[in-house]
Amino acid sequence: MAGKYFDEWQVGERIEHPIRRTVTETDNLLFSTMTHNPQPLHLDVETAKASGFGQILVNSTFTFSLLVGLSVGETTLGTLVANLGFDKVVTPKPVFIGDTLRAYSEVKELRESKSRPDAGIVTFTHEMWNQRDEVVCRCDRTALLQRKG
């Protein structure tokens, strides 16, 4: 399913995204080093073992980015004009290497664009859950989407 146009969405509409992802050590290592994040909890097994987590903690900005990425196919693929912002990003539970994550999206708000008659603004709430049925990330994404036709 491709993304939808502004006028195809309804407030309260909820999607379970079909792609799930198991987080690997390589994901965490590459993301942390690509973003110049030297946090030992993400990169140093011995430091992570001695922490309250007892193991490597996956970089939370990777978790957030994966959440947004998993949502794109069914929400904004091919219809996005621009992402306008991300709000209320929370990571209530940690993600560890080997966790399998799934994402859901719900339309929170729809509003007309005052500056672009060919587009409208959709606010989505995105959630990511692990295999233990715990929410590991949640955010609101506001996107400017094309109108159909």
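For the single chain, residues carry numbers from 1 onward in sequence order.
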State the [atom1]-[atom2] distance between [X] and [Y], to the nearest 0.5 angstrom.
X	Y	atom1	atom2	value
Leu41	Ser51	CG	OG	5.0 Å
Phe64	Phe86	CZ	CZ	4.5 Å
Leu30	Thr24	CG	OG1	8.0 Å
Asn130	Thr22	CG	OG1	11.0 Å
Leu110	Phe124	CG	CZ	8.5 Å
Arg116	Phe6	CZ	CZ	13.5 Å

Are [X] and [Y] linked by a side-chain donor-acceptor pair shorter than 3.5 Å?
X	Y	result
Ser105	His126	yes
Asn37	Thr35	no
Arg141	Thr75	yes
Asp140	Thr123	no

Among the clusters formed by ILVMFWY side chains lying less than 4.5 Å apart, do [X] and [Y] turn up in the same one?
X	Y	answer
Phe31	Leu67	yes
Ile19	Leu101	yes
Val95	Val45	yes
Phe62	Val68	no
Ile121	Val81	yes

Decide yes or no for [X] and [Y]: does some side-chain heavy atom of the first lie under 4.5 Å from some side-chain heavy atom of the second?
X	Y	value
Tyr104	Arg14	yes
Cys137	Trp129	no
Val135	Met128	no
Glu109	Val122	no

Q.
Show, in sequence, the C-alpha distance, side-chain angles and deciding distance for Leu29 and Met34, and conclude whether the side-chain contact (heavy atoms from CB on, under 4.5 Å) test is met.
A. CA-CA 8 Å; Leu29 175 65; Met34 282 183 355; over 6 Å; no
If I compare all heavy atoms of [X] with all of [Y], which pair ends up nearest, and what's the gap?
X	Y	answer
Thr79	Gly3	CG2-O, 3.9 Å
Asn59	Asn28	N-OD1, 2.8 Å
Glu25	Ile97	N-CG2, 3.6 Å
His42	Ser32	CB-OG, 3.7 Å
Asp27	Arg21	OD2-NH1, 2.6 Å

Q. Is a side-chain donor or acceptor of Asn83 paired with a backbone partner of Gly85 at a separation under 3.5 angstrom?
A. no
Q) Between the main-chain N or O of Thr100 and the side-chain N or O of Gln131, is there a donor-acceptor pair closer than 3.5 Å? A) yes
Q.
For a side-chain contact (heavy atoms from CB on, under 4.5 Å) check, start with the C-alpha distance between Ser113 and Leu144, then their side-chain angles and the critical distance, and finish with the verdict.
A. CA-CA 8 Å; Ser113 171; Leu144 184 64; 4.1 Å; yes
Salt bridge [X]-[Y], side-chain N to carboxylate O under 4.0 Å:
X	Y	value
Glu74	Lys4	no
Arg132	Asp99	yes
Lys148	Glu8	yes
Lys49	Asp44	no

Q. Run the side-chain contact (heavy atoms from CB on, under 4.5 Å) check on Lys108 and Val11 step by step: do they pass?
A. CA-CA 6 Å; Lys108 183 177 178 178; Val11 172; over 6 Å; no
Q: Could you check Val90, Val58, Thr63 and say which one makes a side-chain contact (heavy atoms from CB on, under 4.5 Å) with Val136?
A: Thr63
